[in-house]
Novice: 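Starting off with a structure, shown below.
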Amino acid sequence: MSQAQGGYYLPGPSHWPIIGSIGLAFLLGGFAHFLHGESDIYMFIGAAIMMIMFFGWFGTVIRESQSGKFNDQVDMSFRMSMVWFIFSEVMFFAAFFGALFYARELSIPWLGGAGNNAMTNELLWKGFEATWPSNGPKHVGGAFKTVDAWGIPAWNTLILLTSGLTVTWAHWGLKKNNRSQLILGLFLTVALGATFVGLQIHEYGHAYEHLNLKLTSGIYGTTFFMLTGFHGLHVTIGAIMLLVMLIRSMKGHFTAKHHFAFEAAAWYWHFVDVVWLGLFIFVYWLA
Amino acid sequence: MSDHHPTGIMRWIKTTNHKDIGTLYLWFAFIMFLIGGSFAMVIRAELLKPGMQIVDPLFFNSMTTMHGLIMVFGAVMPAMTGLANWLIPMMIGAPDMALPRMNNWSFWILPFAAVMLVSTLFMEGGGPAFGWTFYAPLSTTFAPKSTDFFIFAIHMLGLSSIMGAINIIATILNMRAPGMTLMKMPMFVWTWLITAFLLIAVMPVLAGAVTMMLTDRNFGTNFFNAAGGGDPILFQHVFWFFGHPEVYIMILPAFGVVSMIIPTFSRKPLFGYASMVYATAAIAFLSFIVWAHHMFTVGMPVAGELYFMYATVMIAVPTAVKVFNWTATMWRGSLTFETPMLWAIAFVFLFTIGGFTGVMLGVGPADFQYQDTYFVVAHFHYVLVTGAVFAIIAAFYYWVPKWTGHMYNEKLGKTHFWLSAISVNVLFFPQHFLGLAGMPRRIPDYALQFADWNFVSSIGGFVFGASQVFFLFIVIKTIRGGEKATDQVWEGAEGLEWTIPSPAPYHTFETAPEIK
């Protein structure tokens, strides 16, 4: 069904995209349906269809790659696309970091009467003093404490930075055809990623039970959980990517010269690493 | 190479061919244009006379909201992406788009997102009625349940745009024929390269904005809730950080189209090609640092007002470079006025009117008077209808002989042009007067002193709407038959797409052409 034209591989007609569209519509439409107190079945049907699509689509690409269909120019298309995809993810996080900085530097001080907002404070929010962390003039969610940056978050920083080293070590192994180094490096990276997510879940439990810090705890709780939550989601996605690379490595996929998928997963991993450093500094440390 | 692809409906559903996908995008955009246009007809019918005649106020507000969303995300953006799909590989001598399967997915998300978006009109509590800018708290605390479906429709549209843009960048940077350096690329390709960058930079920010809406609505977050330390104005900042580049996403490819058409019918190369490239890049850069000029009246610090005013008015410089270059291209050219050229010239005139009113609105103190009036409505319809939409129609007449192998009927094309060009001014020019006199946007009824110009505007609207149904007839007639087009089609046309047969074969440039 496929043609290689002028050396550049052009895939033939495919049913995976339309399956993906149907799955996405079920997943998101079903989620909205569920949010309105209705059945959650459509959401799960959508998730299942998406899983089938991802397995089928990526499986097809892996088979094409293994049969040597991708020349250097195709490889370059993949590389460019991954770089721009990661850039789009950076901009997604930028929106939430922007919300955090806006709240800290502008909206909270203004509610407290800074700049030309004396009457805002006097008439609307009398007695509110601008501090950070804050859950706003109405103390939405009640009094809370923040997570200590030098407890679990510091350990998590060490874990993610170490995982950045282990994935690079795995890459060195791949480049000098040392399979066991590749597999061990990837295994350690996935294990460190899983540890990070586990500790993060533990920290969330601690925040909810002992610190009264919740998603609903004013703007602090909102930005804290949305930023760390989306980051945790991305760590999970990155760990799944690396797990797939681990399985493929054990199956003997990749060569010292031809291993774009591995590098894409590694780039993504470094991206979540860098986002974490931003979170550690601006969400935990300077809280 | 044989074309073994499925036939019938499955050809279109499973296709990975850039020409098929371009056709799908263009038809989708046209259908959405007619649906969004019919909503505009409801708006103009209600505003024909003062008083409440046809629809209730909530439904009226749903109509303005849906009209805007459908025209932006359903009509103009997909039409531009359709042109990109058809033309970019042919213009740079590539066998197809860089990632053909993902290209299919970029398109086939759209119909599902569109159905989800339009279906909100039929849900309990009505569709979204907070305007296409969906400001909080109108879209959070006070919005109907259907808003959650709207949010996910926006997520899907954004996903489609990001994948489409990634594909376009990879195609342009990686698939050019040997010898086609960046500064030899046709202007349309340049404008799309920069547009794709804008899309990747801002669509995720829009996703962030609607995600904040979703969690504020359903999970008790406080992004836009002042009592919890958030701020409804934060929504406007996030939205317009996306929204201002978004308007350039819609107009930059239009600049590209016009920069292709005017040289052809002037029989001269584009004047100041390099300055066109730099002006496009400058406009794109400025688009990121001017967003709060949409928010002059929200109570920003004066320093902010001044900064955003100066930065905004600066956009006039690179834009004027473009207008002067188009004019200089025509200067002493051997001009002919076939239908595409008429639309392109109308674009230059009428877009410039929209540009001028943009400068007026960019002046902070004056904007306090114009804010949220029909003057703003007139402004952005001049840039988007007589700007983006006119360029898309010009592109259709210019390239349809290459797509179908048939010439359109010149007499019908010119009739379509004059009907549209006159009626669109009858429709939108009086709205400047209404706005200056103080008529607010997004209202189903108005004070009596606005009656005359509203009547005129509505009549113009009905004629303009009917003209686009006439356009549908021309499109179908041209696809079904017509005078056989030559390979070069236009005497003065230059570029790789005019070196291949008309209609363009299913696969082109399987071997890369030589660029001298």
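Below, read A as the first sequence line, B as the second, and so on, with proteins coming before strands; counting in each chain starts at 1.
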Novice: What option among A:Met91, A:Lys138, A:His33 has the most heavy-atom pairs under 4.5 Å with chain B?
Specialist: A:Met91
Novice: Check for a donor-acceptor pair, side chain of A:Thr216 on one end and backbone N or O of B:Gly220 on the other, with a separation under 3.5 Å.
Specialist: no
Novice: How long is the straight-line distance from CE of B:Met203 back to CZ of A:Phe92, given to the nearest 0.5 Å?
Specialist: 13.0 Å
Novice: Looking at every non-hydrogen atom in both residues, tell me the closest pair between A:Ser217 and B:Asn222 and how far apart they are.
Specialist: C-ND2, 4.5 Å
Novice: When only pairs under 4.5 Å are counted, which of A:Gly115, A:Ala99, A:Ala94, A:Ala103 shares the most heavy-atom pairs with chain B?
Specialist: A:Ala99
Novice: Under 4.5 Å heavy-atom distance to chain A, tell me which part of B:Leu159 shows up: side chain, backbone, both or neither.
Specialist: side chain
Novice: Report the distance from atom OG of A:Ser77 to atom CG of B:Asn174, rounding to the nearest 0.5 Å.
Specialist: 4.0 Å
Novice: Parallel, tilted or perpendicular: which one describes the rings of B:Phe197 and A:Phe87, with boundaries at 30° and 60°?
Specialist: parallel
Novice: Does any backbone or side-chain atom of B:Ile151 lie under 4.5 Å from a heavy atom of chain A? Answer side chain, backbone, both or neither.
Specialist: neither
Novice: Kindly state each residue pair satisfying side-chain hydrogen bond (donor to acceptor under 3.5 Å, both in side chains) with at least one member in residues 34-58 of chain A, sequence neighbours excluded.
Specialist: A:His36-B:Asp148
Novice: Can you tell me if CZ on B:Phe219 sees more than 12 non-hydrogen neighbours from other groups inside 6.0 Å?
Specialist: yes
Novice: Using a cut-off of under 4.5 Å for heavy-atom pairs, which of A:Leu111, A:Leu28, A:Leu106, A:Val140 has the most such pairs with chain B?
Specialist: A:Leu28
Novice: With a 4.5 angstrom heavy-atom cut-off, which part of A:Met53 approaches chain B: side chain, backbone, both or neither?
Specialist: side chain
Novice: Look up atom OG1 in B:Thr221 and atom CD1 in A:Ile219, then write down how far apart they are to the nearest 0.5 Å.
Specialist: 8.0 Å
Novice: Identify the heavy atoms of B:Met156 and A:Leu24 that sit nearest to each other, and give their distance.
Specialist: CG-CD2, 4.0 Å
Novice: Please output the residues of residues 116-135 of chain A in contact with chain B, using a heavy-atom cutoff of under 4.5 Å, in numerical order.
Specialist: A:Trp125, A:Asn135
Novice: Can you say whether B:Asn218 sits under 4.5 Å from chain A via the side chain, the backbone, both, or neither, judging by heavy atoms?
Specialist: side chain
Novice: Would you say CZ of A:Phe101 has more than 12 non-hydrogen atoms from neighbouring residues, nucleotides or ligands within 6.0 angstrom?
Specialist: yes
Novice: Within the side chain of A:Ser21, is there an N or O that forms a donor-acceptor pair under 3.5 Å with the backbone of B:Trp108?
Specialist: yes
Novice: Which atoms of B:Phe112 come close to chain A, meaning under 4.5 Å heavy atom to heavy atom: side chain ones, backbone ones, both, or neither?
Specialist: side chain
Novice: Under 4.5 Å from any heavy atom of chain A, what part of B:Ile162 do you find: side chain, backbone, both or neither?
Specialist: side chain
Novice: Please verify the inter-ring angle class for B:His237 with A:Tyr102; under 30° counts as parallel, over 60° as perpendicular, anything in between as tilted.
Specialist: tilted
Novice: Given 3.5 Å as the limit, does a donor-acceptor pair link the side chain of B:Thr16 with the main chain of A:Ser14, or not?
Specialist: no
Novice: Ignoring hydrogens, what is the shortest heavy-atom contact between B:Arg101 and A:Pro11? Give both atom names and the distance.
Specialist: NH1-CB, 3.5 Å
Novice: For a 4.5 angstrom cut-off between non-hydrogen side-chain atoms, does B:Thr211 reach A:Phe230?
Specialist: yes
Novice: I'd like to verify something: which residue of A:Gly221, A:Gly112, A:Ala32, A:Ala25 has the highest number of heavy-atom pairs under 4.5 Å with chain B?
Specialist: A:Ala32
Novice: After noting the C-alpha distance and the side-chain angles of B:Leu214 and A:Leu35, does the key distance pass the side-chain contact (heavy atoms from CB on, under 4.5 Å) rule?
Specialist: CA-CA 10 Å; B:Leu214 182 78; A:Leu35 287 177; 4.0 Å; yes
Novice: Between A:Trp110 and B:Pro301, is there a side-chain heavy-atom distance shorter than 4.5 Å?
Specialist: yes
Novice: Is it the side chain or the backbone of B:Met10 that comes within 4.5 Å of chain A heavy atoms, both, or neither?
Specialist: neither
Novice: Using non-hydrogen atoms and a 4.5 Å limit, figure out which bit of B:Phe242 sits close to chain A: side chain, backbone, both or neither.
Specialist: neither
Novice: Please look at B:Ser119 and chain A and tell me whether the side chain, the backbone, both or neither of the residue comes under 4.5 angstrom of a heavy atom of that chain.
Specialist: neither
